[in-house]
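Down below is the structure, laid out as structure tokens.
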Amino acid sequence: MSIFELYKARREGKFTLKHYIEAWAISTRAFAIPWPTLYVLFGAALAGARDWWTALAASAVVGLVLLAGHFRNNYRDVELGIDKYVDSPEEAGKLISNIKPYTAAAWLVPLRITSVRFQKVNEYLSLALSAVVYILFLNPLANPYTLPIYLLGVFFAETYTDVWKKKRLGEIAAFMGHGYLSTLFGYLTQAVDLRALLVGIAPGLISGLTYSVDQYMDLRSDFVYRVRSLAEAWFVSELPLSLFVALAYMSFIAFTHIFVTAGIYPRGVLLVVATLPVLLYYLPAIEYRRDFGIQRIAMIFVGLIPLLMFLGALVH
């Protein structure tokens with residue numbers, strides 16, 4: 001069901017339980033769930049993965065915190081004036097954040113498809129469930145090192161819209177929340193040593209760059225008036241988005257090579273280079289078939305790269 005069908009059902013007073021479920025699914029921005037949760041498993045694998053049940057529980061905790069951040073972003077954009085209430089999809093296309101090829105969540109509250117209360121209830125529920133899973137399965141009394149990382153993750157998820165996005169520092173929040181802290185959290189569930197402070201840097205780098213790619217598509221609507229990001233300089237330069245994606249990807253690959261050479265990552269992590277032919281295949285589509293190309297590139301950045309890094313970390 002599309003965002004337009006949900007809007008029509010709401011306007012016609014035919015909004016049923018089925019529509020609420022679909023609106024909830026869109027609100028979650030579920031496409032991004034593999035992004036930090038696989039980095040948790042990557043961190044656990046780097047630390048030796050002595051206890052996979054704990055690693056999986058940690059992954060679930062991070063996924064729930066991510067959902068809380070998504071629900072909050074859905075309504076805080078409107079409350080902060082980054083987006084505004086509109087009366088039609090046509091007006092939304094001109095005045096609020098663009099629909100992305102992988103999510104239309106930004107339009108739910110502005111079009112009044114869901115209320116702010118609906119988003120808040122789901123935010124608080126996700127946070128509560130993350131705390132329950134954390135306490136029951138990660139036992140912070142036995143391993144207190146994970147507690148500050150959990151709290152920092154919640155902090156970045158809950159302050160992204162209010163602080164980091166507002167101050168044009170969204171890349172920092174993505175670096176920390178999606179990449180660095182997730183990997184560190186997974187690592188600390190299995191081992192505690194100084195290496196833990198380094199393992200999340202490469203995932204953090206690609207996460208921050210992924211955020212810039214995502215924000216690039218909003219710059220035409222957000223430019224000057226609302227949100228700026230690292231991608232703004234690229235936007236002003238008028239160089240193609242496909243080149244931006246390619247440079248972001250190659251920067252990450254180079255950094256990963258450095259970490260493998262330095263012995264921070266095992267050689268198996270270079271399995272991530274297998275994403276290169278896939279990326280090259282879809283890269284041209286960004287310029288002539290934008291939505292399709294961006295959707296495929298997003299799947300590589302938030303799904304395939306974390307998965308291959310995790311699988312590669314299992315090979316020592």
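Everything quoted here is computed from the prediction, not taken from an experiment. Residue numbers start at 1 and run along the sequence shown.
A single hydrophobic cluster is seen to contain both Val272 and Leu314, as judged by linkage of ILVMFWY side chains at heavy-atom distances under 4.5 Å, directly or through other members. Residues Leu308 and Phe42 share a single hydrophobic cluster, defined by chaining ILVMFWY side chains whose heavy atoms lie under 4.5 Å apart. Hydrophobic clustering, with ILVMFWY side chains joined whenever heavy atoms are under 4.5 angstrom apart, keeps Leu141 apart from Leu138. No single ILVMFWY cluster, assembled from side-chain heavy atoms under 4.5 Å apart, contains both Val86 and Val109. When hydrophobic clusters are built by joining Ile, Leu, Val, Met, Phe, Trp and Tyr residues whose side-chain heavy atoms come closer than 4.5 Å, directly or via intermediates, Ile21 is not grouped with Ile26.
Ser207 is linked by a side chain to side chain donor-acceptor pair (under 3.5 Å) to Trp35, counting only residues two or more places apart in sequence or in another chain. Judged as a side chain to side chain donor-acceptor pair (under 3.5 Å), and not counting sequence neighbours, the contacts of Trp24 are Asn122. The side chain to side chain contact (heavy atoms under 4.5 Å, CB included) test applied to Thr16 returns Lys18, His19, not counting sequence neighbours. Legend: residues meeting salt bridge (charged side-chain N to carboxylate O under 4.0 Å, His left out) with Arg112, ordered by chain and number and at least two apart, are Asp87. For Glu12, the salt bridge (charged side-chain N to carboxylate O under 4.0 Å, His left out) test picks out Lys14, with sequence neighbours left out. Not counting sequence neighbours, Phe252 has no partner by the ring pair (Phe, Tyr, Trp, His ring centres under 6.0 Å) test. The side chain to side chain donor-acceptor pair (under 3.5 Å) test applied to Ser59 returns no partner, not counting sequence neighbours.
For residues 285-305, the ring pair (Phe, Tyr, Trp, His ring centres under 6.0 Å) pairs, not counting sequence neighbours, are Tyr282-Phe292. For residues 58-72, the pairs satisfying salt bridge (charged side-chain N to carboxylate O under 4.0 Å, His left out) are Arg72-Glu123, Arg72-Glu158, Arg72-Asp162, with sequence neighbours left out. Residue pairs satisfying the salt bridge (charged side-chain N to carboxylate O under 4.0 Å, His left out) criterion with at least one member in residues 269-288, sequence neighbours excluded, are listed as follows: Glu287-Arg290. Counting only residues at least two apart or on different chains, the ring pair (Phe, Tyr, Trp, His ring centres under 6.0 Å) pairs with a member in residues 127-148 are Tyr134-Tyr150.
How far CG of Leu169 is from OH of Tyr160: 11.0 Å, rounded to the nearest 0.5 Å. With rounding to the nearest 0.5 angstrom, the CD atom of Glu171 is 10.5 Å from the OG1 atom of Thr210. The distance from atom CZ of Arg10 to atom CG of Leu108, rounded to the nearest 0.5 Å, is 10.5 Å. We find the CE-CG distance between Met309 and Leu311 to be 11.5 Å, quoted to the nearest 0.5 Å. Residue Arg117 holds its CZ atom at 13.0 Å from OH of Tyr75, rounded to the nearest 0.5 Å. For the atom pair Arg11 CZ and Leu111 CG, the distance stands at 9.5 Å (nearest 0.5 Å).
Here the side chains of Leu129 and Ser126 are not in contact, with every heavy-atom distance at 4.5 Å or above. Considering only heavy atoms from C-beta on, Phe71 stays 4.5 Å or farther from Lys120 through its side chain. By the 4.5 Å heavy-atom criterion applied to side chains, Val273 and His257 are counted as neighbours. Counting heavy atoms from C-beta outward, Val245 and Leu279 have side chains that approach closer than 4.5 Å. Taking the side chain as every heavy atom from C-beta outward, Tyr39 and Leu181 never approach each other to under 4.5 Å. Residues Tyr180 and Leu197 meet the side-chain proximity criterion, which asks for heavy atoms closer than 4.5 Å.
In plain terms, the two heavy atoms of Leu46 and Pro266 that are nearest each other are CD2-CD, 3.4 Å. Among all heavy-atom pairs drawn from Asp77 and Thr161, the shortest one is OD1-CG2, 3.2 Å. When every heavy atom of Ala246 is checked against every heavy atom of Leu283, the shortest pair comes out as CB-CD2, 3.8 Å. What you find for Ser182 and Pro36 is that their closest heavy atoms are OG-CB, 3.3 Å. Of all heavy-atom pairs spanning Thr146 and Asn143, the tightest one is OG1-O, 3.2 Å. The nearest pair of heavy atoms linking Gly303 to Leu38 is O-CD1, 3.8 Å.
Here Glu79 pairs with Arg76 in a salt bridge; the nearest charged N to carboxylate O distance falls below 4.0 Å.
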Tabulate below the donor-acceptor pairs under 3.5 Å that side-chain atoms of residues 27-34 make, not counting sequence neighbours, or state none.
{"unit_1": "Ser27", "atom_1": "OG", "unit_2": "Ala23", "atom_2": "O", "d": "2.8"}
{"unit_1": "Ser27", "atom_1": "OG", "unit_2": "Gln119", "atom_2": "NE2", "d": "3.0"}
{"unit_1": "Thr28", "atom_1": "OG1", "unit_2": "Ala25", "atom_2": "O", "d": "2.6"}
{"unit_1": "Thr28", "atom_1": "OG1", "unit_2": "Ala30", "atom_2": "N", "d": "3.3"}
{"unit_1": "Arg29", "atom_1": "NE", "unit_2": "Asn74", "atom_2": "OD1", "d": "3.2"}
{"unit_1": "Arg29", "atom_1": "NH2", "unit_2": "Asn73", "atom_2": "OD1", "d": "3.2"}
{"unit_1": "Arg29", "atom_1": "NH2", "unit_2": "Asn74", "atom_2": "OD1", "d": "2.7"}

Determine, stepwise, if the pair Phe15 / Leu6 fulfils side-chain contact (heavy atoms from CB on, under 4.5 Å).
-> CA-CA 8 Å; Phe15 214 76; Leu6 291 175; 4.2 Å; yes
Go through the steps to decide whether Phe4 and Ile99 satisfy the test side-chain contact (heavy atoms from CB on, under 4.5 Å), and finish with yes or no.
-> CA-CA 11 Å; Phe4 302 102; Ile99 286 183; 4.2 Å; yes
Might you work through the side-chain contact (heavy atoms from CB on, under 4.5 Å) test for Ile113 and Ile3, ending with a clear yes or no?
-> CA-CA 9 Å; Ile113 294 170; Ile3 194 80; 3.7 Å; yes
What do the steps show when you test His70 against Leu66 for side-chain contact (heavy atoms from CB on, under 4.5 Å), and what is the final call?
-> CA-CA 6 Å; His70 287 170; Leu66 175 73; 3.5 Å; yes
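Judged purely by atom type and a 3.5 angstrom limit, Gln190 has no side-chain atom pairing as donor or acceptor with the backbone of Gly48. The closest donor-acceptor contact from the side chain of Tyr249 to the backbone of Leu276 lies under 3.5 Å. Between the side chain of Thr189 and the backbone N or O of Gly186 there is at least one donor-acceptor pair closer than 3.5 Å. Side-chain atoms of Arg195 do not come within 3.5 Å of backbone N or O of Ala47 as any donor-acceptor pair.
In this pair, Tyr20 and Phe118 present their aromatic rings tilted. The plane angle is within the 30 to 60° band.
Counting non-hydrogen atoms of neighbouring residues, nucleotides and ligands closer than 6.0 angstrom, the CZ atom of Phe255 exceeds 12 such neighbours.
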